[in-house]
Every structure is written in structure tokens, then in C-alpha cells.
There are 2 protein chains.
Amino acid sequence: MASEQHNAQRRTPVTIHDVARDAGVSVGTVSKALNDRGQLRPDTRARVRATAAILGFLPNELAQSLHRKRSFTVGIITSDRFGRFSIPLLEGIEDALDPARIAVFLCKPTDDLELERRHVDSLLAKRVDGIIVTSRRTDPRRPLDLGGASLPVVYAYAQSEDPAAACLLPDDEGGGALAGAHFARLGRRRIAHITGPERFAAVRERRVGLARALADAGLVLDDQLVLSGSWSEEWGREAAERLLDIGRPFDAIFCGSDQIARGVADTLRDRGVHVPEDLAIVGYDNWEIVAAATRPPLTTIDPCLDELGRLAATRLLGMIDANDGQRAAATRVPCRLVVRASCGGGAE
Amino acid sequence: MASEQHNAQRRTPVTIHDVARDAGVSVGTVSKALNDRGQLRPDTRARVRATAAILGFLPNELAQSLHRKRSFTVGIITSDRFGRFSIPLLEGIEDALDPARIAVFLCKPTDDLELERRHVDSLLAKRVDGIIVTSRRTDPRRPLDLGGASLPVVYAYAQSEDPAAACLLPDDEGGGALAGAHFARLGRRRIAHITGPERFAAVRERRVGLARALADAGLVLDDQLVLSGSWSEEWGREAAERLLDIGRPFDAIFCGSDQIARGVADTLRDRGVHVPEDLAIVGYDNWEIVAAATRPPLTTIDPCLDELGRLAATRLLGMIDANDGQRAAATRVPCRLVVRASCGGGAE
DNA sequence: AGCGCAACGGAAAAGCTTTTCCGTACGAGC
DNA sequence: GCTCGTACGGAAAAGCTTTTCCGTTGCGCT
């Protein structure tokens, strides 16, 4: 007698047939009642609904999707490990997808193309309605190999070598310009730039933007004051030392990341240089946890990755609904200047 | 004539029927050929396989799942925003699920119970095989409301009020003990503790562990040297100041997070206190990017969240396969001491 | 040459929902 | 009172795969 409840057998979910039986109608009628279609007497509709509620009926979306030829799911593939960039991106994506009642398959990050291929196959087999590709670098990558299938694909914080692909990218040049203009506005004249590896497109673009904004203000970017290294705090410290030691005057530093800026700020502090009085600093990323904890808190460029994610998802939804091919183009999402204390003059 | 290719019509995926037609066999035969079942002549099998490959046939998993009553997907629900903790957890989970060919539905984080309910319904409707609940706090939370359904659920870095639930938690007490033992081994006698808000279970447990390890070494934890505050770098700086000012001697500080430790280290540096010579520091979290950039790099406790994620996923797989109810219990996953430079004596 | 068995492959049902197409029954109008 | 129209709800097909159950073919043996 104990054996019945001993094995907490998993209950099989209630189906539309169960509801039909209990409500004394046919399954078709249940479907109509629940989906507000067909011609049903109000009381029939109500009765069916009540029965469904009592039974806790949840339509099997597998069956629904099979029928509708639309799964209401999308896949996210990332060619790099989860990280600081993926998070706000993911948030933005989910933000836009949630109201559309679309669920997200997350694929384990990999930059192995063979593995990526397998992930794509797996998503295809699940009949996702679309795929979002994200990365940690904005440099062009090989287009996603759909292996003959045709399906909307959006690259978010990633770029495909295929010029016709839908890509959403942060406006790195604009970000650089934002920093340059901010310095100029505050009366800084000689701007240094400590940034990441030259091979990153973002590094080159931000520098271009910075130079452009300075030029617009009648200033020039001194190549001697541009130092490319890695993305680390360590590099920020080292580069700051170097900058101080070459003895060329400068009154502001634009940093390629908040981490670099953090390193820079620490070194300046050690060396008795006052920020922002002697030197203004602008960081990049608006990585709250770093930017806010730095002394002084960092004025920085926010690439608005959450917004980028939202836009990417919205774009994907558009492509799914339109059922048209990838009429597309790369789009740059504007950055935002976040003013804290590291440049002084918070008042815009 | 242009209109045919004008609208890049989405191709409808190739089905098993297409393969059957092209291979000149029935759909049943195709299924058998592809799945290695039934009695088929080797050449038939090969021919079908070749046809399938040419056509790029990918079985519709929706239909498969419908039939098998098993979707090979699991849902992840998190009651807190994506963050530093979710990332390694997710990595671990995917690590364990990927080889089992199980895909993950990621739900937008929320701590709104009503919204959570909706997410669960959505997962249930998708007939996920199980659910993993994660959080950012290890304090007990209300059990996930499955609304009558029965389905394996595992709590990872989260705890259910239901004592029978399967919970995987970091061994915070053990983590505290690890720090205490490390200090004792290095000959430190008077240990301070700067930690997060008292209301966190983790804070209380780590403290207990610390005290226990000290007691084991014949030392006592001086309550005057225990400071609870927030999890921020700012608090680390402030608490370090206070500690230095009260004038009670101490030769080591156990910090509740690497961020706190970072703040502490910065303040000590400002005040001319040498680490590790004058004072040893142990952090918590092994948040690489912070711990490694601190001067000196932080010796810290790694809660091994990736391992925890792996274990959680493995546990869930077990529950799914076993088809038994939640025969479960809370499990503590051991932490790991990561030695860098902030305590000196790297040699174990 | 005929019988039986093994090997092979086809037909059909099941899994669950939606939707189209019909049939029935009722009310209204003549 | 009869017919037509409409409102309601049922039956069945479609969507795609797997699996069970059978039927057929061909071979070997006598």
C-alpha cells in the first residue's frame, strides 16, 4: 500500500482532451474557447475556461509550434565567453523579447567554428524563429553558417563579413568624439589617450573620433601621447607612469576602458597628481562597479549595450514578422557620456 | 519574372517526407535509417543517410519532443539580475548540460513573484524537463510555485524554504574557516573581519567558520575587530580607516568580498601600511579581474561557482532520468583558497 | 518444387493542438 | 406549419516524427 506514493511518479501534464472531457465538449471547442476564436456561446466559453483553470491546463507549446510553424523562440550564440559585455546585452535582448512572449535559447559560448556549427544545427532543429549572434569584439567575423537554411540573423555587438548582414554596433567613433568634445568644452588642450590593443577595430575607431572632435575644436591629437597596450588595469598604471615620465605636457587622458582608467587614476594618486584639477580623465564602458568606485568616480563613455541589445532584438522581431530576407545594414548605436567627478565641471 | 526571387522567401525546412521521397523509401524507413533502429539493409541505410545529408535534413525537435514526451530542454530562472555570480554559475551549468545535448531556456531575471509565476508557466508550457533556480543570495527563498505540475527543480546558489528541495550552496562556513586556517598557518594572531550586511546568511556563516578555524588554532576572534557594512569597495576603505583608528592591534584582515578587500588594500596603501608585511589580507569570491589587479594581488576564497553550477546541472539530470520525485537535500560545495600575494608566504 | 522463416520495409497510430469544414438544431419569417 | 438562415459545436486533417505491427519478398532447406 505504501508503494503507490513511494515513487513520487511524475504526473503527466493535462491536455486539451482532459479539458474537453471534463467540460463535456470537443477538443476543437476547447481550443476555440481558450483562444477567443470561432462562434461559441458565452456560457460555453466560460465553462470551458473554468474547467481549464481548475485543471491547470497549459497548452503544449511543442504541439502549438508544430502547427503554427513558428516556435516563438530565438537562439543566442556568442563567440566568446560570457562576460561583462554579454550581460547588459542579454538584458536588453530579453527586455525586448519578453513582451513579445519569445523565449531565448542560450548557447554555451565558444569560438570554435565547428562547435558553433553544431549549436546552429541544434537551434535549427529546434526551429527557432531567429538567431542573435554576439561577441566580445566588434571586428568582422565569419558569417554564421546556416548550412542552407534561411532564417533571420542579427549580429549584436558583432559584425559579419557579409555586408548585407544585420549588424548592431556601438558607435565607437562617436564615443571617442564624445570624450574629445567633453575635454574641449572644459578647456583642456592637450589630450593623452591610453587604450587597448591596436588590432581592435574599436581602438582605432575611438581614436579617430577623438581626433575628429579635437580637430573640430581646433586642437590636435598628439601621437606621442597615444599609448596602445592591453585592456587591463595594470596597463593603465604602467602607461600613466610612462606618460608622466616623458615630460610632454598634457591636461587630460582619454582611457580605452574603465579598468585602464582605474589604473591610471591609482597611479596619478600615487604620484600626487590631482584629478581633476591637474588632469581630467574620461573612461570607457561605464562599468558602474569600477567607474563609481574609482577615486574620483569616473566620467566615462557608456556604450549603451542594453539599448543595443534591445534594438537587436527588435530588429530581429521585425525580420521575423516581415518574413522578408535580410534587408539589412550595419547600424551604429550612439554612446552616452556619463559625467561623474573625474573631469570636474559636472554641469553640462 | 523578377518577382520570384524578389522576396527572399524563407525556405521551409526539409522534412522526413522529403528525404523519404528522394530516397525512394517510406518515412518510417528514413527514421529507422537515421536512428539506427529496425532491420534495414546496410545499403538502404546508407542511401537514406546520404539523401538526408544532401538535403541537409534536421529532424524537427518539436515533433520529436512531442512524441518522446521529453523536450531535452531545461529552464533557468533567476530571482536576481544577471551578474557576477550568475556568469560562472551559467558556465558550469552549460558545461554539464551541453554533453547531454540539453538546451537551456534563460528567463529574464526578476524578483517579482507574479512574474516568476509567469515564467514558470511559460517553461511548463514548453515542457522543459527540469528547472534550475538561481539567485544572488543564499538565504532561503519561497519554493518555486509549480502550480500543481510536478517536475524536477534544483536550486543553485539559492535555497528553498522547503527542506526537501534539492539545493546546492557554497560552503560559506568552510570558506571562512579556510581563511582563518590560512592566517593561523602563517602565524597571524589577531584577525580582523570586514564584511557585508549582517542580514546575509553568508556573512553569518563565514564568520562562524572563521571563528571556528581560529579556535582550532587556539586563537579567538575579537568582536571589536568585526565590522559589518555593505559589499562595496567604498565600505572596505571606510572600514579599514576605522580599524586603523581604534588602535586595537591586528595583523590580518579577512574581507567579505574581493571588492571590500580592494578598498581595504587601497586605504592601507594610502596610510603607508605594508601588505603583506604589516598586515595580511584575504578576500572572497576570487573575482579574477579585481583580485588580480589589486596591489598586492589578493589571496582569496573561491566559492567555485562554476563547479556548483556543474553539480546543480548534474543533479538535475539525475532527477530527470531517475523519474523519481525530489529525493534531495541541501548540499554544500566546498570553497578553495587561491593564494596570491596579499598574505605573503605563497608556499603552502 | 514447395514450404517456412528471416529480413526488410511500409502503413498507421500516437503525441497535442489548431483550423477548416460541416452538420445539426434552433429561431424567425412567411 | 414549413423553410431558410444562423449560431453553435463536432469531426477531421495537418503539422512532423517515432514506433509498433504487418505484409511481402527472397532465400534456404527438404
Side-chain angles (χ1 to χ4, degrees), chain A residues 10-49 51-52 55-73 101 122 124-129 149, chain B residues 10-49 51-52 55-73 101 122 124-129 149:
Chain A
R10 208 159 301 150
R11 273 186 294 290
T12 108
V14 1
T15 76
I16 201 172
H17 287 94
D18 301 325
V19 180
R21 184 177 16 75
D22 278 26
V25 295
S26 76
V27 293
T29 302
V30 174
S31 176
K32 287 175 220 164
L34 263 28
N35 297 319
D36 260 329
R37 341 205 60 134
Q39 308 264 47
L40 265 59
R41 248 183 345 219
D43 62 299
T44 309
R45 218 176 270 282
R47 180 160 43 94
V48 171
R49 290 223 166 117
T51 314
L55 262 41
F57 169 64
L58 285 175
N60 185 331
E61 289 190 10
L62 268 38
Q64 290 183 320
S65 300
L66 193 56
H67 185 88
R68 299 192 174 129
K69 319 191 97 178
R70 176 82 201 274
S71 66
F72 288 89
T73 58
R101 321 239 51 188
S122 154
L124 254 22
K126 294 190 163 53
R127 299 298 189 261
V128 294
D129 297 330
Chain B
R10 206 158 301 151
R11 275 187 292 291
T12 107
V14 3
T15 75
I16 200 172
H17 286 94
D18 301 324
V19 179
R21 182 176 20 75
D22 277 27
V25 295
S26 76
V27 294
T29 303
V30 175
S31 176
K32 286 174 219 163
L34 264 28
N35 297 317
D36 261 328
R37 342 205 61 137
Q39 308 264 48
L40 265 59
R41 247 181 347 218
D43 63 298
T44 309
R45 218 178 270 280
R47 181 161 42 95
V48 170
R49 288 222 168 118
T51 316
L55 263 41
F57 169 65
L58 285 174
N60 186 329
E61 288 191 10
L62 268 37
Q64 290 183 319
S65 299
L66 192 56
H67 185 88
R68 299 194 174 127
K69 320 191 97 179
R70 177 81 200 276
S71 67
F72 288 90
T73 59
R101 319 241 50 187
S122 155
L124 255 21
K126 294 190 162 54
R127 300 300 189 258
V128 294
D129 297 330

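Lettering of chains follows the sequences in order, A, B, ..., and the numbering in each one begins at 1.
The side-chain heavy atoms of Glu61(A) and Thr73(A), taken from C-beta on, include no pair separated by under 4.5 Å. For the pair Asn60(A) and Thr15(A), the minimum side-chain heavy-atom distance is 4.5 Å or more. Using a 4.5 Å heavy-atom cutoff, the side chains of Arg127(B) and Pro13(A) are in contact.
Ranked by how close their nearest DNA chain D nucleotide is to the 5' end, Arg37(B) and Gly24(A) are led by Gly24(A). Of the two residues near DNA chain C, His17(A) and Val25(B), the one whose nearest nucleotide lies more 5' is Val25(B). Between Asp43(B) and Arg68(A), the residue whose closest nucleotide on DNA chain C is further toward the 5' end is Asp43(B).
At most 12 non-hydrogen atoms from other residues, nucleotides or ligands lie less than 6.0 angstrom from CZ of Arg37(B).
Contact annotation for Ser31(B): base contact, defined as any heavy-atom pair under 4.0 Å involving a base atom. Residue contacts shown for Ser65(A) are absent, as no nucleic acid heavy atom lies under 4.0 Å away. Within 4.0 Å of Lys69(A), counting heavy atoms only, lie sugar-phosphate atoms of the nucleic acid but no base atom. At a threshold of 4.0 angstrom between heavy atoms, the contacts of Leu40(A) are confined to the sugar-phosphate backbone, with no base atom among them.
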Which side-chain N or O atoms in residues 25-32 of chain A pair as donor and acceptor under 3.5 Å with protein atoms at least two apart or in another chain?
from     : atom 1 : to       : atom 2 : distance (Å)
Ser26(A) : OG     : Thr29(A) : N      : 3.4
Ser26(A) : OG     : Thr29(A) : OG1    : 3.1
Ser31(A) : OG     : Asn35(A) : ND2    : 3.4

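Distance check: Leu62(A) CG to Lys126(B) NZ gives 9.5 Å after rounding to the nearest 0.5 Å.
In the 5' to 3' direction, nucleotides of DNA chain D lying under 4.0 Å from heavy atoms of chain B begin and end at dC16(D) to dT20(D).
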